[in-house]
Amino acid sequence: MTLTRLPEAFLHMMQELLGTEEYPAFLASYERPSHTGLRVNSTKISTDIFSERVSFPVEPVPWIGNGFFCGEDSGASRHPWYYGGVYYIQEPSAMTPASLLPVEPGDRVLDLCAAPGGKATELAAKLKGRGVLLANDISVSRAKGLLRNLERFGIANMAVCSEKPEKLLSCFPGYFDKILVDAPCSGEGMFRRRPDMAADWEERGPSYYSSVQKELILQAADMLRHGGCMLYSTCTFSPLENEDTVEWLLKNRPDFELIPTKWYEGFSHGRGSCHHAVRIFPHCMEGEGHFAALLRKREEKGAGAGDPGDRDAGSGIVASCLTGRDDRTGQGRSLGEDKVNVLPGAAADFLASLKDPSFLNGQGQWRIQENRLYYLPDRRIISARLRFLRTGLLFGEMKKSRFEPSQALAMALRAEEYPWVLDFAPEDERTIRYLKGETVVPDEVPCSSGWVLVCAGGLPLGWGKTHNGMLKNKYGAGWRML
């Protein structure tokens with residue numbers, strides 16, 4: 001991007017922000033190309049094995065443990081492992097917020113502004129199948145893309161909804177252990193990569209987004225439990241959208257504190273009282289622009305962290321919203337025609353054929369809805385009266401007396417968890433043909449009749465079905481390579 005296309009008001013702001021020593025280096029960064037990266041899905045493969053086996057060149061991102069730089073023309077978006085959810089293509093600095101939020105297995109996590117899913121997929125991976133992620137985006141169309149990315153990553157312990165934050169707050173006051181607020185912003189940090197955002201900035205700049213961010217951060221704060229952590233981030237440089245928003249929170253919610261986070265060479269400190277916040281500048285690191293502030297909600301006086309299993313106890317609002325119970329009558333809400341924890345014979349037989357699948361976390365329940373079978377990870381979240389696009393893992397669908405496993409299930413499984421696997425090399429032309437929905441002819445099939453898990457290099461891609469030694473391609477139409 002050339003400097004002549006940057007708004008004059010933006011350049012003036014950056015000169016004031018950086019000072020005479022740093023500002024020339026910042027300007028010079030716009031004459032260099034932006035960086036392309038990918039983040040490995042740690043639930044499917046280790047970074048060491050990935051870097052050894054991937055067919056295109058990658059280099060580690062120094063400040064992201066599972067992040068890699070890759071060339072823009074590397075073909076990463078056409079590699080079979082991309083379709084298998086083995087990695088997510090993401091600009092390197094955008095990997096930072098999710099890496100800094102200290103998510104632990106078993107946490108209840110909220111990603112408030114989650115689409116398209118780059119950060120949500122990493123938060124979910126850090127849960128390692130335990131706990132639950134609620135991923136929300138106010139736009140239904142964007143939430144659909146978010147769901148697809150989470151399913152491609154093989155995430156079962158999640159729910160995706162499209163709601164206003166105030167509706168979420170009415171259901172989940174003080175409920176979550178960890179919250180990410182990657183707030184909508186003026187996007188100054190993406191100007192080099194997305195020149196169109198510079199034009200938008202002149203119409204809707206920092207002052208437009210500031211009020212939205214202040215409202216969001218307070219709503220998120222009230223959904224965090226005492227002792228929990230919240231990460232506020234933007235991809236902009238403006239102090240109005242960054243430090244001022246954090247200071248607004250600290251002023252209006254005095255039980256919050258800004259705390260230090262992991263620090264890496266090249267990070268810059270936040271301005272003024274937000275010294276512990278992280279700033280990423282393109283002239284200091286091999287990334288674009290980001291801001292991240294880690295905040296903690298102090299424990300209530302006289303109270304400890306308590307048993308994680310008891311965190312939602314005691315709130316009448318939570319109980320009513322999550323269970324559907326009317327506290328005035330004590331009556332539960334009817335499930336209608338939904339069937340809970342009842343598996344039809346064909347589905348039960350398919351489940352029995354699996355070998356200790358990792359998505360069965362012991363806390364969920366089964367439910368059939370309109371002949372579709374779901375494994376639901378957290379009954380408190382999934383029972384909320386929200387506009388959900390998906391709750392849990394779509395296991396498959398009953399068609400009369402037959403059971404058909406879902407594409408989402410194929411993504412959630414590991415090759416060793418299913419008895420009949422057909423494994424092609426990622427470079428095998430039949431792998432690409434499979435991903436395009438075309439007929440493939442294997443050297444041999446693992447069973448004479450039944451469902452087969454098709455893999456590339458030992459990592460699942462989707463389903464095929466054998467009959468009399470022939471394989472029928474059952475890769476989902478909406479998932480195919482174009």
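Numbers here simply count residues along the sequence, with the first being 1. Here the structure is a predicted model, which is why all the values come from computation and not from measurement.
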Ignoring hydrogens, what is the shortest heavy-atom contact between [X] and [Y]? Give both atom names and the distance.
{"X": "Ala347", "Y": "Leu373", "result": "CB-CD2, 3.7 Å"}
{"X": "Tyr375", "Y": "Phe359", "result": "CE2-O, 3.4 Å"}
{"X": "Cys229", "Y": "Leu101", "result": "O-CD1, 3.9 Å"}
{"X": "Ala220", "Y": "Leu112", "result": "CB-CD2, 4.1 Å"}
{"X": "Val246", "Y": "Ala293", "result": "CG2-CB, 3.8 Å"}
{"X": "Phe256", "Y": "Leu295", "result": "CD2-CB, 4.0 Å"}

Name all residues meeting the ring pair (Phe, Tyr, Trp, His ring centres under 6.0 Å) criterion together with [X]; count only those two or more places apart in sequence or in a different chain, and write none if there are none.
{"X": "Tyr475", "result": "Tyr434"}
{"X": "Phe68", "result": "Phe50"}
{"X": "Tyr209", "result": "none"}
{"X": "Phe403", "result": "Phe350, Phe395"}

Listed once per pair and sorted, the salt bridge (Lys or Arg N to Asp or Glu O under 4.0 Å) pairs that draw on residues 125-140, sequence neighbours left out: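 Matches after skipping sequence neighbours: Asp137-Arg142.
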Verdict with supporting geometry, Leu394 and Leu409, side-chain contact (heavy atoms from CB on, under 4.5 Å): CA-CA 7 Å; Leu394 173 58; Leu409 174 60; over 6 Å; no
Non-hydrogen side-chain atoms of [X] and [Y] separated by less than 4.5 Å:
{"X": "Lys436", "Y": "Arg480", "value": "no"}
{"X": "Val109", "Y": "Ile179", "value": "no"}
{"X": "Ser34", "Y": "Glu91", "value": "no"}

Leu459 and Ile45: CA distance, side-chain angles, deciding distance, side-chain contact (heavy atoms from CB on, under 4.5 Å) verdict: CA-CA 9 Å; Leu459 297 164; Ile45 194 171; 4.1 Å; yes
Leu110/Met223 under side-chain contact (heavy atoms from CB on, under 4.5 Å): CA gap, chis, key distance, verdict: CA-CA 9 Å; Leu110 170 65; Met223 286 187 271; 3.9 Å; yes
Using only atom types and a distance under 3.5 Å, with no angle test, would you say the side chain of [X] pairs donor to acceptor with the backbone of [Y]?
{"X": "Lys44", "Y": "Met411", "result": "yes"}
{"X": "Ser162", "Y": "Ile138", "result": "yes"}
{"X": "Thr245", "Y": "Lys214", "result": "no"}
{"X": "Ser233", "Y": "Leu180", "result": "no"}
{"X": "Lys262", "Y": "Leu100", "result": "no"}
{"X": "Glu288", "Y": "Met190", "result": "no"}
{"X": "Asp107", "Y": "Asp177", "result": "no"}
{"X": "Gln407", "Y": "Leu461", "result": "yes"}
{"X": "Ser93", "Y": "His290", "result": "no"}
{"X": "Asp255", "Y": "Arg298", "result": "no"}

Mind checking what makes salt bridge (Lys or Arg N to Asp or Glu O under 4.0 Å) contact with [X], not counting sequence neighbours?
{"X": "Arg253", "value": "Asp222"}
{"X": "Arg433", "value": "Glu438"}
{"X": "Glu151", "value": "Arg390"}
{"X": "Arg402", "value": "Glu404"}

With a cut-off of 3.5 Å and sequence neighbours excluded, list every side-chain donor-acceptor pair involving residues 72-81.
residue : atom : partner : partner atom : Å
Ser74   : OG   : Gly71   : O            : 2.9
Ser74   : OG   : Ala76   : N            : 3.3
Arg78   : NH1  : Leu482  : O            : 2.9
Arg78   : NH2  : Leu482  : O            : 3.0
His79   : ND1  : Trp81   : N            : 3.0
His79   : NE2  : Ser55   : OG           : 3.3
Trp81   : NE1  : Ala456  : O            : 2.9

Parallel, tilted or perpendicular: rings of Tyr82 and Tyr87 (30°, 60°):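 Because their plane-to-plane angle lies in the 30° to 60° range, the rings of Tyr87 and Tyr82 count as tilted.
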Whether Tyr175 and Phe172 hold their rings parallel, tilted or perpendicular, with breakpoints at 30° and 60°: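 Plane angle between 30° and 60°, so tilted.
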All pairs passing side-chain hydrogen bond (donor to acceptor under 3.5 Å, both in side chains) where residues 441-461 contributes a residue, at least two apart: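 Listed by first then second residue: Arg430-Asp443.
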Flag for Thr121-Asn149: side-chain donor and acceptor within less than 3.5 Å: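 Absent: no donor and acceptor within the cut-off.
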side-chain contact (heavy atoms from CB on, under 4.5 Å) partner of Cys161, chosen from Leu389, Leu168, Leu146, Thr391: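 Of Leu389, Leu168, Leu146, Thr391, side-chain contact (heavy atoms from CB on, under 4.5 Å) with Cys161 is met by Leu168 alone.
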Flag if over 12 foreign heavy atoms under 6.0 Å of CD, Glu427: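 Enclosed: over 12 neighbouring heavy atoms sit under 6.0 Å from CD of Glu427.
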Cationic N near anionic O, under 4.0 Å, Glu122 to Arg39: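 Yes.
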SG on Cys185 to CE on Met197, rounded to 0.5 Å: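 Nearest 0.5 Å value for the CE-SG distance: 6.0 Å.
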Passing candidate, side chain to side chain donor-acceptor pair (under 3.5 Å) with Lys119, options Asp111, Thr96, Asp182: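 Between Lys119 and the candidates, side chain to side chain donor-acceptor pair (under 3.5 Å) is satisfied uniquely by Asp182.
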Residue list, side-chain contact (heavy atoms from CB on, under 4.5 Å) with Glu286, at least two apart or on another chain: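 Listed in chain order: His35, Phe69.
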Stepwise side-chain contact (heavy atoms from CB on, under 4.5 Å) test for Trp463 and Val454: CA-CA 6 Å; Trp463 297 107; Val454 180; over 6 Å; no
